[in-house]
Structure formats: structure tokens, C-alpha cells
Amino acid sequence: MRIAIVIGSTRPGRRGREVGEWVYKIAAERDDATYELVDLLDFDLTLLAEETLPGAANRQYENPNTRRWSETVDSYDGFVWVTAEYNHGVPAALKNAFDLLSPEWNHKAVGLVAYGADGGVRAVEQWRGILANAHMVVVRAQLSLSIMTEWTEAGFTPNDRRAGELESLLDQVVTMTRALEPVRAGA
């Protein structure tokens, strides 16, 4: 089972890379799945670059960057999304990356690790509704990291309880990914 930890911000000065690396470090110590770090910045996705709607494209995208993104997403069984909250909402780069594809997301589990002034909770609540449209299952556990209290001059310094919270989130992602396997196989 392959789980992608997706860094969902491409903004200069973003904090998502630090969070993604922390999530990966903890996940890589587990033996229940193969975890890999996927940085959205590496894909150079253009805003809504496809003329054909993703649901009708049948994974045949015109843009080579979209094709590479499609192949990457398709290769994973589940996800942990590291999402910022920008202006009380989801980050545009990650929303665009989601909107560019369709069947690649279907019947996959996702855990949400958010950060923002209020812990990214508004972005998480928006993602829950958005991801349901792609038949994704968002696990109950979530991490909400505060940029006001968990970043210092030394960088990202998560509260002591965060590692345990992340372990719970990863447990749920693995469990749900396994549970959805027959559905993905029949899709």
C-alpha cells in the first residue's frame, strides 16, 4: 500500500515543506505502508490547463505536466494532505491540482494536516465537502497546527502531543485505505 504525503502549497516562503517533512519522518518509521513525500511545487501545474473536463478525459490529458500529475496520483492508494489555510479557505494551488483530475482520486482515503493562524480548521472543513465529490473518504482524525504557537525563530516546533495525533491520523488513513481497496479494484 502506497500513501502519498502531499505538500499542497506552492507559495514562496510556504511552511508546508517543513510540515510535510515532519509528517514523512514519522510516517517513514512505520511498517504498515510505504510513505512518500510528494511536493506539488515539483509539478508546475497550470491553472485549469485542460480543455477537456477531467471526468470526460479518461486520463488522457493534453498538458504533459497534468499527465505526470495524473500518473503520480494514480500510483497511490491513499493520501495525507498537508494543507495551508489562506484567507479562511483552501490553497488555490492544491485546489487546482485536485480539479485537474477526476478518476485518479476516486475511492481513496485522505487525512488532513492543516496549518494556519487558527490551525487551518476552515480549510479542513472545506476540504471535507470538496473531497467527497470525488468519492474520497476523509478520515476523522486531523491535525490543526497553529502558525502562532508552533513556529518559532528556529522553525516548525510542533507541540508535544502532535506526534501522537499524527499517529492516530496515519492509523485511520491506513485502515480506510485497506477498507476501500475492493471498491478501487472494482471501479
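Keep in mind that what you see is a predicted model, and the values were worked out from it rather than measured.
- Cluster membership for Trp127 and Trp105, using ILVMFWY side-chain heavy atoms within less than 4.5 angstrom, is shared.
- Interatomic distance, NZ of Lys95 versus OG1 of Thr83, reported as 12.0 Å (0.5 Å rounding).
- At a cut-off of 3.5 Å, with distance as the only test, no side-chain donor of Glu104 or Ser102 sits close to an acceptor on the other residue.
- To the nearest 0.5 Å, the span separating CZ on Phe79 from CG on Leu131 amounts to 10.0 Å.
- Separating the CG atom in Leu40 from the CZ atom in Arg14 is a distance of 8.5 Å, to the nearest 0.5 Å.
- Using a 4.0 Å cut-off between charged nitrogen and carboxylate oxygen, Arg15 and Glu18 do not count as a salt-bridge pair.
- With values rounded to the nearest 0.5 angstrom, Glu165 atom CD is found 10.5 Å from Ile26 atom CD1.
- Judged by distance alone, with hydrogens and angles left aside, the side-chain atoms of Arg184 form a donor-acceptor pair with the main-chain N or O of His107 at under 3.5 Å.
- Only one option out of Arg30, Arg140, Arg178 pairs with Asp171 in a salt bridge (Lys or Arg N to Asp or Glu O under 4.0 Å); it is Arg30.
- Taking 4.5 Å as the limit, every side-chain heavy atom of Thr34 sits out of range of all side-chain heavy atoms of Ile3.
- The closest side-chain donor-acceptor pair between Thr157 and Glu150, if any, does not fall under 3.5 angstrom.
- In this structure the side chain of Val110 never reaches within 4.5 angstrom of the side chain of Val80, judged on heavy atoms.
- Using a cutoff of 4.0 Å between basic side-chain nitrogens and carboxylate oxygens, Arg17 and Glu21 are scored as salt-bridged.
- Counting only heavy atoms from C-beta outward, the side chains of Phe43 and Thr66 never approach each other to under 4.5 Å.
- Using a distance-only test at 3.5 Å, with no hydrogens or angles considered, a donor-acceptor pair links the side chain of Tyr115 to the main chain of Gly16.
- Residues Arg59 and Asp74 are paired through a salt bridge, judged by an N-O separation under 4.0 Å between the basic side chain and the carboxylate.
- At a cut-off of 3.5 Å, with distance as the only test, a side-chain donor of Tyr86 or Ser9 sits close to an acceptor on the other residue.
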